[in-house]
Amino acid sequence: MKFGIIVFPGSNCDHDCYHAARHVLNQDAEFIWHKENKLSSFDVIIIPGGFSYGDYLRTGAIAKFSPVMKAVRKFAKDGGLVIGICNGFQILLEAGLLPGAMLRNRTLKFICRDIYVRVESINTPFTNKCGKKVLRIPIAHAEGNYFADPKTLSHLKENQQIIFRYSNESGETTDSANPNGSMENIAGICNENGNVLGMMPHPERCAEAILGNEDGRLIFESIVNSRR
Amino acid sequence: MKTLERKEPKITKKLIKDHGLTDEEYQKIINILGRTPTFTELGIFSVMWSEHCSYKSSRVHLRKFPTKGEVVIQGPGENAGAIDIGDGLAAIFKMESHNHPSFIEPYQGAATGVGGILRDIFTMGARPIALMNSLRFGPLQLQKNRYIFEGVVSGIAGYGNCIGVPTVGGEIYFSECYNMNPLVNVFCLGIAKKDGIFRGNASGVGNSLIYAGSKTGRDGIHGVTMASEEFGESSEEKRPNVQVGDPFTEKLLVEACLDVMKKGLVVGIQDMGGAGLTSSSSEMAGRAGTGVEIDTSLVPTREKGMMPYEIMLSESQERMLLVVEKEKEKEVLNIFKKWDLDAVKIGMVTNDGIFRIKYGKNIVAEIPVKSISDSAPVYERPIARPAIQDDINYLDINEIPVNNDFNTILLKLLSIATIANKAWVYEQYDHMVRTNSVVIPGSDAAVIRVKGTNKGLAITTDCNSRYCYLDPYKGGMIAVAEAARNIVCAGARPLAITDCLNFGNPEKPEIMWQFVESIKGISEACKVLNTPVISGNVSFYNDTKGISIYPTPIIGMVGLLESVEQHITQWFKDEGDAIILLGKNLEEIGGSEYLKVIHNIERGKPPEINLNFELQIQKALLDIHKKGLIKSAHDCSEGGLSATIAECCISNKDKGIGAAID
Amino acid sequence: MKAKIFVTLKKGVLDPQGKTIQKALGSLGFKNIDDVRAGKYFEVNIKNGAKKKAEAEVKKMCERLLANTVIEDYTFKIEK
Amino acid sequence: MKAKIFVTLKKGVLDPQGKTIQKALGSLGFKNIDDVRAGKYFEVNIKNGAKKKAEAEVKKMCERLLANTVIEDYTFKIEK
């Protein structure tokens with residue numbers, strides 16, 4: 001399976017995603033400069049975390065205009081797998097590939113710590129190997145407070161497009177388990193036909209035993225498994 | 001060819017004084033040039049001979065530090081130090097202070113401190129992989145201290161997170177002496193191939209000088225000399241020449257610079273830090289024994305009508321100076337263009353040993369390069385033991401009322417800001433990016449893995465400034481010993497240190513006494529524990545209206561784990577495990593946190609320290625660990641044994657674990 | 001010519017920054033504050049030309065980049 | 001009464017955000033832009049009262065919290 005990891009000026013989790021795909025999952029992986037516009041040789045595209053364009057103006061507001069995003073739109077339309085992690089999720093929202101928007105965390109502070117997410121559905125290309133209901137994955141962001149107008153929100157629910165919700169260790173989506181104020185504890189959503197996922201937590205940061213947590217690896221294994 | 005828009009002002013007595021130059025120093029300039037200096041030359045000498053750049057009050061004492069050792073590849077004198085960690089790799093690290101700017105504008109002061117230390121690392125050809133910071137504030141009961149504290153933490157987070165280098169640890173102390181003089185020291189560590197280390201020298205006559213990065217503005221002019229002046233009331237109006245950082249441009253600069261270095265296109269490189277273009281170009285020529293010629297009219301500027309004086313002294317951030325062979329110029333400029341960064345040739349290397357600055361046709365400065373660095377003034381300032389020293393060392397334990405409600409005392413100790421949990425701070429820092437963080441904040445030392453090997457590096461910063469106030473000699477020794485303890489408690493072997501020596505006004509003999517005694521203590525500890533000093537920084541004039549900070553020589557230490565899996569963390573693991581105290585628990589409460597918090601006393605002598613005994617304990621711990629017998633280890637510091645054991649219980653996030661002590 | 005652009009969150013969209021500032025002002029003793037909304041302010045200097053054309057340009061700038069029309073409203077005025 | 005407050009970076013202070021937005025607008029085809037400065041905009045609703053008193057209040061709010069007077073300037077106007 002060939003992973004393509006997009007590099008915007010200001011991305012900084014690109015190396016981490018490459019390491020996870022190439023060295024942890026032993027899959028084929030390549031960096032894609034944001035000015036390229038052909039993605040045909042890839043099976044899955046990762047839009048990594050970071051501060052594309054310094055997160056100036058709005059997170060992802062400028063990155064969405066990069067040439068590569070046109071190619072990502074086409075790649076997704078043709079059924080290719082796309083996963084946007086943290087800044088990648090914000091870019092997918094700004095580009096309209098996923099509905100809704102991110103506001104500042106209600107604490108107005110950057111938050112970097114482990115949190116728990118409940119897996120809302122496992123029949124997706126991104127969660128089919130998630131044996132357990134609750135995963136422990138680190139977040140690291142200042143704008144992860146998901147917002148959608150009521151119409152969009154009910155549409156997401158009907159279509160089962162909500163994939164992850166912030167929860168406590170036993171899977172209850174309480175307000176105290178919500179780190180940033182996201183609507184209905186939303187931590188990750190997918191598009192209508194389920195091949196584009198955006199999630200705020202960083203699975204690539206917990207895919208190896210040495211880092212003390214391998215829950216994130218399940219998401220990468222699900223992706224590889226979905227194309228077998 | 002541009003011509004000077006404004007005539008340079010004439011040199012007057014007042015102008016000389018405003019530049020912080022003494023009469024003798026001005027006379028020395030006249031002897032060097034054989035004439036009165038131009039306005040730009042006066043500016044150049046004033047920044048290069050400021051305390052911050054020339055270390056004139058400290059250089060003679062810094063020579064006492066041990067800087068050699070079998071792991072040392074590069075000692076003090078370059079942008080950062082380098083040590084050999086095996087597998088053909090080098091660890092490159094350094095510490096810098098940004099104290100004065102952080103008092104004026106906390107967010108930007110701290111942010112630009114991070115930006116500056118990062119540049120010192122990647123300019124050596126190393127990929128920065130970890131940041132740490134040591135902070136000192138006044139008590140948080142005061143609103144002004146809360147404002148500074150919050151601004152500094154969000155500034156460090158704002159810059160570090162955006163640049164994508166994890167802030168993996170550090171330390172914070174709160175004490176009245178830092179009310180008007182907060183300390184913001186930042187540490188950075190990078191990894192480079194042993195044969196891929198770059199030096200900052202302008203060699204190769206005819207080679208081009210390339211300016212790369214952000215445009216030049218009027219930021220921080222006199223920023224360096226400001227750092228060396230004591231703060232009076234006027235410090236509030238030093239605006240807006242505060243330096244503002246742009247982490248996004250710095251991220252592009254890191255990638256572009258590492259790219260040109262990897263492709264072997266660069267002869268020499270240095271970041272434009274304190275004193276901007278002046279220090280970078282003159283130091284690079286100084287090291288290579290060559291001259292340089294710069295046409296300041298070619299420098300990309302952000303504001304109209306900037307004079308050469310301003311261009312040479314500006315401390316705008318995110319700028320690098322490269323020395324490149326003529327035929328490789330085009331390729332270098334293209335790489336910077338790919339990353340959307342300004343890059344332009346502004347001059348060249350010459351062989352006449354002259355530092356020549358032009359503005360189009362006009363020559364505005366011609367100074368022998370050697371005279372800028374080598375004949376900078378060196379002072380052996382007078383030293384005098386403070387009159388109050390004996391008085392503050394006097395402590396009669398019997399005079400202290402014993403309050404035996406020990407539970408309340410322990411809870412009080414654990415609640416004070418210096419000891420209390422710092423999650424509120426480090427959870428604002430991305431401490432996991434680059435997926436190397438094996439031990440994250442909340443333990444003694446941070447441990448990061450070195451990808452491509454199974455090694456790990458343990459890093460820590462330490463200094464108890466109250467001990468240094470009560471006895472700078474023993475305080476300096478303890479700072480090094482405690483850093484080594486933290487490294488060993490993580491299962492690593494201490495290798496080398498960097499430092500940030502924060503002191504008051506060196507023109508006061510008792511401050512110089514504190515400085516010299518601390519250096520003696522640090523040097524002795526480094527010799528016995530075999531951790532040479534490979535880089536560092538001195539920050540003087542941390543006084544305001546006569547009140548000086550406690551002597552704060554912060555030590556940044558790096559240790560090696562042959563196998564990163566063998567790291568140790570500080571929290572107790574399982575019920576029934578034995579708790580063993582290594583070392584003697586003597587009846588010493590001089591300068592303790594207990595005395596300060598419960599009795600508001602800061603007196604007595606710091607605890608005894610026997611360096612050989614310290615070395616044996618540390619070696620014993622590592623030997624026991626090699627036999628796989630250790631499940632956790634923690635060093636006994638602020639708050640004493642009770643706080644230490646409490647921390648071992650509390651920091652276990654998964655289990656509610658307790659301890660029974662006989 | 002100078003375009004002054006104001007971007008604010010739409011009604012009904014949570015404004016954590018505005019809420020926090022309102023609380024902070026309260027604790028500083030400013031009592032009679034009903035509500036605080038935080039937004040963005042841009043000054044764009046445009047080369048002189050027809051005001052009509054400049055207005056159309058600025059509107060496009062806001063629609064395409066300066067405002068996220070999912071959650072933000074924008075207004076602007078152009079001065080000589 | 002509604003106070004409209006504009007906070008901008010002082011002249012000469014580097015504005016990384018403004019610089020990046022200007023480049024982005026350029027790459028989107030907006031050619032005749034000389035400069036972009038990014039700042040903050042606050043709307044503060046105050047209970048009705050004497051305009052003079054309200055102006056003094058808003059000035060103090062800016063000095064103490066809304067603007068970092070070391071690197072920022074502020075202006076405001078009060079509307080009924």
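A, B, ... follow the sequence lines: proteins, then strands. Residue 1 opens every chain.
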query: Using non-hydrogen atoms only, which part of D:Asp15 is less than 4.5 Å away from chain B: side chain, backbone, both, or neither?
result: neither
- line: If one checks every heavy atom of B:Gln108 against chain D at 4.5 Å, the contacting part turns out to be side chain
query: Side chain of B:Arg302, backbone of D:Val13: donor and acceptor closer than 3.5 Å?
result: no
- line: Okay, B:Thr249 and chain D: the region with an atom under 4.5 Å from a heavy atom over there is side chain
field: Per-residue contact mode, B:Tyr147 against chain D (heavy atom under 4.5 angstrom)
entry: side chain
- prompt: With a cut-off of 6.0 Å (strictly less than), are more than 12 heavy atoms of other residues, nucleotides or ligands near CD of B:Glu303?
  reply: yes
field: Minimum heavy-atom distance between D:Pro16 and B:Gly245, given as atom pair plus value
entry: CG-O, 3.8 Å
message: I'd like to know whether NZ of D:Lys52 has more than 12 heavy-atom contacts from other residues, nucleotides or ligands below 6.0 angstrom.
response: no
- line: Minimal heavy-atom distance between B:Asp246 and D:Leu14, with the atoms involved, is CB-CD2, 4.3 Å
- prompt: What do you reckon, is NZ of D:Lys77 surrounded by more than 12 foreign heavy atoms closer than 6.0 Å?
  reply: yes
